[in-house]
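Positions are given from 1, in the same order as the sequence printed here.
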Amino acid sequence: MNFDLNHLQTEWRDKGAALGRQIGRDATAPIIVNGAGQIGLLDPAGDLSAVTVAVQTLASEAPAAGVVLALHCGTALAMAGDRRFASLFTGDKVVAVGLSSDDVPVEEAGRLSGRAPWAAPVTERGIVVVSPRRDTERLAYAVALHAPGVSVEAIQTAALAGVVCAHVTLDRAACEPIGATLPIMTRIRILMAAAGLGMGGRALREALTTARTAHTAAAGEQTVQGLLADAATELDAAMLMTWKAATAESPSLAAASLAKLMATGAAQRAVERATQVVGVDSFQRGHIIERLAQDVRALELFAGRTEALRAAAAEELYSS
């Protein structure tokens, strides 16, 4: 595989970095998605690998924004070419995703009833995509969050400032069929892995800055050298797995699950190691490492917990 960025991927990487610097860390989902639309990061013919690079770069600058773009694009790409959802590619509307399978609604005669817990990023005039319980292949449906029969219960979260999570309750709410759930979940897992790589890379960068300022790494401080080297090694390995999944002609759920599994673990450990290198300063409220320690937890909870990722990967491996 060729891991050098092509012209399109380089362009999207630079746009992701520019968007992160422009909107700041605490931007709301509408601002993030609208900004992405204005600079060309929302494209119905978008290349998954280019989106992956953009999400990683954006998450390094603004973790919450990286997560929002991952969820929005991972879902919106499934609706490319469908004029019903054209506004998702202009930045005028945000798509949220039901992120928990603990409870799912039921579809009957084109109406949805039940509960979709932990949907994000929820906005006033956006839509939410859910996968109701069925006996056959799981299908995804889009529901307007302001439609009759839809109620939203916002949740106070400890991280990802600007991203609104909510429990969505549906009472015979009108819905629009989108298609199979599997391709959507596959893309979201790849893009969430990219968000994790961005967060982990930012933590490593902060740790390197601290080490260079204190001259600990250059002076032969083996503990610091080991922490930095381990973080860099794990992040690079996870990046290769993510890139392999993102550039596949038809990405599999197993590859996407393994990418998210590796990136989640690598990002979490990079933040832990950065905490050790930076030291007590990272304990200050609002310090970048303190905030990353909160934000990185979302990777474990969104789009598949660790055991679900392992199960998805094992199931496909066993059947191959």
Whether [X] side chain and [Y] backbone form a donor-acceptor pair below 3.5 Å:
X	Y	answer
D26	G162	no
S113	R172	yes
S60	Q56	no
K244	M239	no
E107	G110	yes
H72	V94	no

Atom of [X], atom of [Y] and distance for their closest heavy-atom approach:
X	Y	value
G200	A270	O-CB, 3.8 Å
C73	L42	SG-CD2, 3.8 Å
T242	A193	OG1-CB, 3.7 Å
V164	A154	CG1-CB, 4.4 Å
V95	P121	O-CD, 3.6 Å
A119	V122	O-CG2, 3.5 Å

| field | Within 6.0 angstrom of R269 CZ, more than 12 heavy atoms from elsewhere | value | yes
| said: If you count every heavy atom of other residues, nucleotides or ligands that lies below 6.0 Å from R125 atom CZ, does the total exceed 12? | reply: no
Any side-chain donor-acceptor pair under 3.5 Å between [X] and [Y]?
X	Y	value
R13	T57	no
Q9	S49	yes
T75	R187	no

As an exercise, state the distance from [atom1] of [X] to [atom2] of [Y], rounded to the nearest 0.5 Å.
X	Y	atom1	atom2	result
N34	I23	CG	CD1	10.5 Å
K15	T10	NZ	OG1	12.0 Å
I32	L69	CD1	CG	8.5 Å
R202	R291	CZ	CZ	10.5 Å
E234	L197	CD	CG	12.0 Å
L235	M199	CG	CE	12.5 Å

Would a 4.5 Å heavy-atom cut-off, applied to side chains only, mark [X] and [Y] as touching?
X	Y	value
N6	D4	no
V143	C175	yes
L191	V51	yes
R25	D295	yes
T223	Q276	no
K93	F85	no
I178	M79	yes
T213	T210	no

| Stepwise side chain to side chain contact (heavy atoms under 4.5 Å, CB included) test for L5 and W12 | CA-CA 10 Å; L5 299 184; W12 281 51; over 6 Å; no
| said: Among V67, T264, L99, exactly one meets side-chain contact (heavy atoms from CB on, under 4.5 Å) together with M192. Which residue is that? | reply: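 Only one of V67, T264, L99 forms a side-chain contact (heavy atoms from CB on, under 4.5 Å) with M192, namely V67.
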| query | Going through the distances and angles, do V150 and T169 end up as a side chain to side chain contact (heavy atoms under 4.5 Å, CB included)? | reply | CA-CA 6 Å; V150 179; T169 302; over 6 Å; no
| query | Out of curiosity, does V106 fall in the hydrophobic cluster containing L170 (side-chain heavy atoms, cut-off under 4.5 Å, transitive links)? | reply | no
| Is there a path of hydrophobic side-chain contacts, each under 4.5 Å between heavy atoms of I, L, V, M, F, W or Y residues, that connects V168 with V104? |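 V168 and V104: separate clusters.
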| field | Evaluation steps, side chain to side chain contact (heavy atoms under 4.5 Å, CB included), between D236 and L240 | value | CA-CA 6 Å; D236 275 1; L240 295 182; 5.7 Å; no
| request: Could you give me the CA-CA distance, side-chain angles and deciding distance for R189 and S257, then say whether side-chain hydrogen bond (donor to acceptor under 3.5 Å, both in side chains) is met? | output: CA-CA 6 Å; R189 287 184 177 176; S257 299; 2.8 Å; yes
| task | Could you walk me through whether R273 and V277 pass the side chain to side chain contact (heavy atoms under 4.5 Å, CB included) test, one step at a time? | result | CA-CA 6 Å; R273 288 162 177 149; V277 174; 5.5 Å; no
